[in-house]
Amino acid sequence: MAKKVITFGEVMMRLSPPGYEKFSQASSFELVYGGGEANVAISCAYLGMKAAHVTRFPDNALGKAATQFLRKHWLSTEHIIYGDHMMGKYFLEKGAVHRSSEVIYEREGSSFSLIQPSMVDWKDVLKDADWFHWTGITPAISQGAASCCLEAIKTANELGITVSGDINSRSNMWKYGKTMQDIIPDLVRNTNVVITSSRGIREMFGLGNSDDKFQDLAKQLINLYPKVKKVIKKTRRIMSASHHQIQGKLWNGQEYIKTDMLNITHIIDRVGTGDAFAAGLIYGLLHYDDEQAMDFASAACALKHTVPGDVNIVSLENVRSLLEGNTSGAIKR
């Protein structure tokens with residue numbers, strides 16, 4: 001039977017100038033929908049898992065259109081809530097070669113930002129799930145979103161469901177009177193698999209110092225929070241906006257695992273690549289050992305760089321093919 005993953009977070013409209021145009025050149029915008037957690041769920045669905053996303057959309061045509069987008073990509077939408085009238089959105093100017101991408105957010109006062117814990121019956125949502133995933137973006141949006149996320153995590157704990165958190169949040173998102181240091185530790189305390197960075201561990205938990213390596217910081221995090229069983233980092237080396245290298249690292253309390261460095265020479269779309277890594281990791285940890293799971297996550301992440309839009313719509317066969325060394329890009333007949 002296929003494993004089931006549940007994700008929770010905001011889904012936004014993404015508006016981009018055509019191709020690689022700058023904002024000042026654009027006379028139209030391309031529209032897609034995306035959000036870190038929903039991107040993970042969609043990626044898992046394309047890998048053959050059952051997947052559902054929990055969010056709150058405006059009760060209007062835009063909310064319905066976003067729901068259709070999620071359904072189109074194989075997600076269950078039965079637990080989506082509708083209310084208020086504003087859809088969160090962001091504008092993306094895609095970079096190329098030596099010109100960086102630029103993102104402008106408009107999400108304050110969105111329907112999702114007004115969510116409250118009482119709006120979601122998490123025992124019903126999670127009753128048949130194998131995995132629950134959250135990110136550090138959701139609790140940064142509002143106190144209601146943070147409280148709802150904590151309730152979901154605690155319910156998953158009660159039901160024996162594995163919880164993962166991708167906690168590399170952006171400090172400038174926290175605008176409702178709380179900081180990462182106020183909120184994130186309580187969420188991580190009940191999380192089993194943590195995706196973060198050396199900087200994230202230092203800044204959010206006050207652990208270690210600038211000289212400590214990731215493995216040492218991961219050990220300290222697991223010692224501080226016994227429910228955390230695995231700490232994962234995705235390293236990215238940037239040669240230009242079009243050429244990156246990625247590598248995955250994992251500490252599971254006993255073994256330190258590093259993947260081979262993957263070379264991505266012609267990036268089509270950088271957005272959502274971390275979500276693709278998280279989805280690959282979830283699939284991998286549910287089906288393989290830790291080393292194989294990390295290789296799978298890195299391969300899934302690399303493939304997302306070739307896919308336009310927020311979501312990684314590659315199949316299990318695509319990822320396995322890359323893992324087998326098929327990197328030529330030859331036409332399949």
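Heavy-atom basis, side chains included; hydrogens, waters and symmetry copies ignored.
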Which distance, rounded to the nearest 0.5 Å, do you find between the [atom1] of [X] and the [atom2] of [Y]?
{"X": "T77", "Y": "K64", "atom1": "OG1", "atom2": "NZ", "result": "11.0 Å"}
{"X": "N190", "Y": "E158", "atom1": "CG", "atom2": "CD", "result": "10.0 Å"}
{"X": "F296", "Y": "L286", "atom1": "CZ", "atom2": "CG", "result": "11.0 Å"}
{"X": "E37", "Y": "H53", "atom1": "CD", "atom2": "NE2", "result": "6.0 Å"}
{"X": "K72", "Y": "T67", "atom1": "NZ", "atom2": "OG1", "result": "14.5 Å"}
{"X": "N312", "Y": "T306", "atom1": "CG", "atom2": "OG1", "result": "7.5 Å"}

What closest approach, in Å, do [X] and [Y] show between heavy atoms, and which atom pair accounts for it?
{"X": "W134", "Y": "P139", "value": "CZ3-CG, 4.3 Å"}
{"X": "S198", "Y": "K233", "value": "OG-NZ, 3.6 Å"}
{"X": "G136", "Y": "I184", "value": "CA-CD1, 4.2 Å"}
{"X": "N192", "Y": "I161", "value": "OD1-O, 3.9 Å"}
{"X": "A45", "Y": "W74", "value": "CB-CB, 3.8 Å"}
{"X": "M180", "Y": "P185", "value": "O-CD, 3.4 Å"}

Quiz item: Would T7 and H133 count as a side-chain hydrogen bond (donor to acceptor under 3.5 Å, both in side chains) if you check the C-alpha gap in whole Å, the side-chain angles of each, and the deciding distance to 0.1 Å?
Solution: CA-CA 5 Å; T7 58; H133 179 74; over 6 Å; no

Practice problem: Under 4.5 Å between side-chain heavy atoms, chaining through other members, with only Ile, Leu, Val, Met, Phe, Trp and Tyr counted: pull out the rest of the cluster around M261, sorted by chain and number. | Solution: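 The other cluster members (ILVMFWY side chains, heavy atoms under 4.5 Å, direct or chained): none.
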
Practice problem: Tell me, yes or no, whether the heavy-atom count around R199 atom CZ, taken from other residues, nucleotides or ligands under 6.0 Å, exceeds 12. | Solution: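 12 or below, so no.
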
Quiz prompt | Single hit among Q247, H244, Q245 for side-chain hydrogen bond (donor to acceptor under 3.5 Å, both in side chains) with R236 | solution =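 Testing each of Q247, H244, Q245 against R236, the sole residue satisfying side-chain hydrogen bond (donor to acceptor under 3.5 Å, both in side chains) is H244.
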
Self-check item: Evaluation steps, side-chain hydrogen bond (donor to acceptor under 3.5 Å, both in side chains), between H79 and D121
Solution: CA-CA 9 Å; H79 299 295; D121 182 349; over 6 Å; no

Result block: side-chain N/O donor-acceptor pairs under 3.5 angstrom for residues 140-153, not counting sequence neighbours:
{"unit_1": "S142", "atom_1": "OG", "unit_2": "S113", "atom_2": "O", "d": "2.7"}
{"unit_1": "S142", "atom_1": "OG", "unit_2": "A145", "atom_2": "N", "d": "3.1"}
{"unit_1": "Q143", "atom_1": "OE1", "unit_2": "K178", "atom_2": "NZ", "d": "3.0"}
{"unit_1": "Q143", "atom_1": "NE2", "unit_2": "S147", "atom_2": "OG", "d": "3.1"}
{"unit_1": "S147", "atom_1": "OG", "unit_2": "Q143", "atom_2": "O", "d": "3.0"}

Self-check item: Partner set under side chain to side chain donor-acceptor pair (under 3.5 Å) for S315, not counting sequence neighbours
Solution: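 So S315 forms a side chain to side chain donor-acceptor pair (under 3.5 Å) with N318.
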
Quiz item: Just wondering, do T162 and K229 contact through their side chains at under 4.5 Å, heavy atoms?
Solution: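 Answer no - side chains too far apart.
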
Self-check item: Side-chain donor/acceptor of K154 to backbone N/O of N157, under 3.5 Å
Solution: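 A pair under 3.5 Å: no.
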
Quiz item: Got a donor-acceptor contact below 3.5 angstrom from the S197 side chain to the G200 backbone?
Solution: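 Looks like yes, one N/O pair under 3.5 Å.
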
Quiz prompt | D182 vs T179, side-chain hydrogen bond (donor to acceptor under 3.5 Å, both in side chains): CA-CA, chis, key distance, verdict | solution = CA-CA 5 Å; D182 294 328; T179 66; 3.1 Å; yes

Electrostatic pair [X]-[Y], nearest N-O below 4.0 angstrom:
{"X": "E10", "Y": "R107", "value": "yes"}
{"X": "D212", "Y": "R202", "value": "no"}
{"X": "R14", "Y": "D269", "value": "yes"}
{"X": "K213", "Y": "D216", "value": "no"}

Practice problem: Taking ring-ring contact (aromatic ring centres under 6.0 Å, His included) as the test, write out the residues that go with H73, two or more places apart. | Solution: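 If we apply the ring-ring contact (aromatic ring centres under 6.0 Å, His included) test to H73, skipping adjacent residues, the hits are Y46, F69.
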
Report, one line per pair, each donor and acceptor closer than 3.5 Å where one atom sits in a side chain of residues 85-96; sequence neighbours left out.
{"unit_1": "Y90", "atom_1": "OH", "unit_2": "D310", "atom_2": "OD1", "d": "2.6"}
{"unit_1": "Y90", "atom_1": "OH", "unit_2": "D310", "atom_2": "OD2", "d": "3.1"}
{"unit_1": "E93", "atom_1": "OE1", "unit_2": "F23", "atom_2": "N", "d": "2.7"}
{"unit_1": "E93", "atom_1": "OE2", "unit_2": "K22", "atom_2": "NZ", "d": "3.2"}

Quiz item: Has K4 got its NZ or CZ under 6.0 Å from the middle of the six-membered ring of F132, at an angle within 45 degrees of the ring axis?
Solution: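 No - K4 does not lie over the ring of F132 by the 6.0 Å and 45° rule.
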
Exercise. Could you pull out all residues at least two apart from E21 that satisfy side-chain contact (heavy atoms from CB on, under 4.5 Å)?
Key: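 side-chain contact (heavy atoms from CB on, under 4.5 Å) list for E21, sorted by chain: P17, P18, Q25, A26.
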
